[in-house]
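Heads up, the thing below is written out as structure tokens.
Since this is a predicted model, take the numbers as computed values, not measurements.
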Amino acid sequence: MSHPVSASRYFVPQPSHWPLVGSIALLLLASGAVLMMNSIAHGGYVLIGGFAVLATMLFGWFGRVIGESESMRYNLQVDRSFRLAMAWFIFSEVMFFVAFFGALFYIRVLAIPDLASPEQAALWEGFRDQWPSAGPAAKDPFTQMHAWGIPAINTLLLLTSGVTVTWAHWGLIANKRQQLIIGLVLTILLGVLFLSLQVYEYLEAYSHLNLKMTTGVYGSTFFMLTGFHGFHVTLGVTMLTVILLRSMKGHFTAERHFAFEGVAWYWHFVDVVWLGLFVVIYWL
């Protein structure tokens, strides 16, 4: 039977093969993607194999970490290292989106006005400084996405999900397991509904608004920003589902539950990024 470690000791895990498995998964994913983009035979099978190896690595590696946590091998020093790691991970994600927001700022505030300036009239005659714009070379008409519809509903859904995950956290701290589970279920359902509405919005954009990745700079920035955010919501829903299953098995205590907190931090980050997207992509 395992016993809690002393507060003066730092847990050192045994050598693991999972990093090697993860490296193989990344190699297969990259190779499969390159093969598919160049229409080379069996590229799709290589890509699927990469996802399969990646899933195996995630189940195995995270399962090992969960087992170590539940057997009380982690002390407060390890807990602090986990918190720092999650904080830096979220910071890297913030910088990821800052790069895309910066590109959008450059396009709207600098590039479009410059292309519409008198100095560029000989190159782009008749091009006007207005947003949304597909750029001076694009000719096909398109309809922009408006804020007061599905985007506003999705904003309400994500803001509500931030409340439900916080309510679940309160339940965990108060040792109210049922409140914890209900709060997590509601958060996951709200996230799935958000993704469903975003898929519907994309289908409408492609089929009725002529808004696509190829619709100039507006289409590319719209789908890159909202698409990557949707990917992060998908990842957040996946992590919340794992936390829900662990909660149903009786994992976490009021004093030790960083796995829940880390996922909650990530979910709040997703909420805040969406507020920025709603304002600069849909509203302004």
Inset, instruction - Spell out, yes or no, whether L275 and L190 are grouped together once hydrophobic residues are joined by side-chain heavy atoms under 4.5 Å, including indirect joins. - result: no
Inset, instruction - Any chance you could lay out the side chain to side chain contact (heavy atoms under 4.5 Å, CB included) test for L193 and L189, step after step, and finish with the verdict? - result: CA-CA 6 Å; L193 184 55; L189 290 176; over 6 Å; no
Inset, instruction - Provide the closest heavy-atom pair for L29 versus L47 in the form atom of the first, atom of the second, distance. - result: O-CD1, 3.4 Å
Inset, instruction - May I ask you to check whether over 12 heavy atoms, not counting those of M213, lie within 6.0 Å of atom CE? - result: yes
Inset, instruction - Considering non-hydrogen atoms only, spot the tightest contact between L28 and V46 and give its length. - result: O-CG1, 3.4 Å
Inset, instruction - Could you grab the distance from atom CG of L240 to atom CH2 of W267, nearest 0.5 Å is fine? - result: 5.5 Å
Inset, instruction - Grab the two heavy atoms, one from W61 and one from P19, that are nearest each other, plus how far apart they are. - result: CH2-CG, 3.6 Å
Inset, instruction - Evaluate whether atom CZ of F96 has more than 12 neighbouring non-hydrogen atoms of other residues, nucleotides or ligands under 6.0 angstrom away. - result: yes
Legend entry - Within-4.5 Å side-chain heavy-atom neighbours: F100 and L104: no
Inset, instruction - Apply side chain to side chain contact (heavy atoms under 4.5 Å, CB included) to the pair L184 and F260, showing each step before the final yes or no. - result: CA-CA 10 Å; L184 286 171; F260 177 95; 3.6 Å; yes
Inset, instruction - Establish, from distance only, whether the side-chain atoms of Y74 and E68 form a donor-acceptor pair under 3.5 Å. - result: yes
Legend entry - 4.5 Å side-chain heavy-atom contact, L211 and Y218: yes
Inset, instruction - Would you tell me whether S161 and T187 have side-chain atoms, one donor and one acceptor, within less than 3.5 Å of each other? - result: no
Inset, instruction - Determine whether F51 and L235 fall in the same hydrophobic cluster, where Ile, Leu, Val, Met, Phe, Trp and Tyr are linked whenever their side-chain heavy atoms lie under 4.5 Å apart. - result: yes
Legend entry - Inter-residue atom distance T155.OG1 - D271.CG, 0.5 Å rounding: 10.0 Å
Legend entry - Joint hydrophobic cluster, L84 plus W265, side-chain heavy atoms closer than 4.5 Å: no
Inset, instruction - Output the distance between atom CH2 (W18) and atom OG1 (T56), rounded to the nearest 0.5 Å. - result: 7.0 Å
Legend entry - Exercise: identify the closest heavy-atom pair between L277 and H229: CD1-CB, 3.5 Å
Inset, instruction - Can you sort out the partners of S117 under side chain to side chain donor-acceptor pair (under 3.5 Å), two or more places apart, ordered by chain and number? - result: E119
Inset, instruction - Give a yes or no on whether L284 and V272 share a hydrophobic cluster (residues Ile, Leu, Val, Met, Phe, Trp, Tyr; joining criterion: side-chain heavy atoms under 4.5 Å apart). - result: no
Inset, instruction - Could I get the full list of side chain to side chain donor-acceptor pair (under 3.5 Å) partners for E70, not counting sequence neighbours? - result: R246
Inset, instruction - Check whether any side-chain heavy atom of I243 sits under 4.5 Å from a side-chain heavy atom of M239, and report yes or no. - result: no
Legend entry - Donor-acceptor under 3.5 Å (R177 side chain, S247 main chain): yes
Legend entry - Y202 (side chain) donor-acceptor with G227 (main chain) under 3.5 angstrom: yes
Inset, instruction - Answer yes or no: is there a side-chain heavy-atom contact under 4.5 Å between W148 and Y282? - result: no
Legend entry - Spacing of OG belonging to S69 relative to CZ belonging to F258, to within rounding of 0.5 Å: 11.0 Å
Inset, instruction - Quick one: pull up CD1 in I173 and CD in E255 and give me the separation to the nearest 0.5 Å. - result: 10.0 Å
Inset, instruction - With the side chain counted from C-beta on, respond yes when V242 and F62 share a heavy-atom pair under 4.5 Å apart, and no when they do not. - result: no
Legend entry - H257-H169 side chain donor-acceptor pair, cut-off 3.5 Å: yes
Legend entry - 4.5 Å side-chain heavy-atom contact, I281 and M145: no
Legend entry - Close side-chain approach of F101 and Y106, heavy atoms under 4.5 Å: no
Inset, instruction - Measure across G135 and V217 and return the closest heavy-atom pair with its distance rounded to 0.1 Å. - result: N-CG1, 4.2 Å
Legend entry - Heavy atoms from other residues, nucleotides or ligands near CH2 of W170 exceed 12 (cutoff 6.0 Å): no
Inset, instruction - Step through the shown structure and confirm whether more than 12 heavy atoms of other residues, nucleotides or ligands are within 6.0 Å of CD on E125. - result: no
Inset, instruction - Assess the pair F97 and W274: is the distance between their ring centroids shorter than 6.0 Å? - result: no
Inset, instruction - Before giving the answer on side chain to side chain contact (heavy atoms under 4.5 Å, CB included), spell out for H232 and Y266 the whole-Å C-alpha distance, their side-chain angles and the decisive distance to 0.1 Å. - result: CA-CA 9 Å; H232 283 75; Y266 186 85; 3.0 Å; yes
Legend entry - Flag, side chain of N38 to backbone of V34, donor-acceptor distance under 3.5 Å: yes
Legend entry - Check: N210 side chain, P141 main-chain N or O, donor-acceptor pair, under 3.5 Å: yes
Legend entry - CD1 on I112 to CD on Q130, rounded to 0.5 Å: 9.0 Å
Inset, instruction - Report yes or no: do W167 and F252 belong to one cluster of Ile/Leu/Val/Met/Phe/Trp/Tyr joined by side chain heavy-atom distances under 4.5 Å? - result: no
Legend entry - Between Y206 and F223, ring centroids under 6.0 Å: yes
Legend entry - Heavy-atom check, side chain of H251 versus side chain of I66, under 4.5 Å: yes
Legend entry - Closest contact, heavy atoms only, R64 versus S16: NH1-CB, 3.2 Å
Inset, instruction - Please state whether the rings of H42 and Y45 are parallel, tilted or perpendicular, taking 30° and 60° as the class boundaries. - result: tilted
Inset, instruction - Kindly indicate, with the supporting measurements, whether the criterion side chain to side chain contact (heavy atoms under 4.5 Å, CB included) is fulfilled by N154 and L157. - result: CA-CA 5 Å; N154 271 346; L157 291 175; 3.6 Å; yes
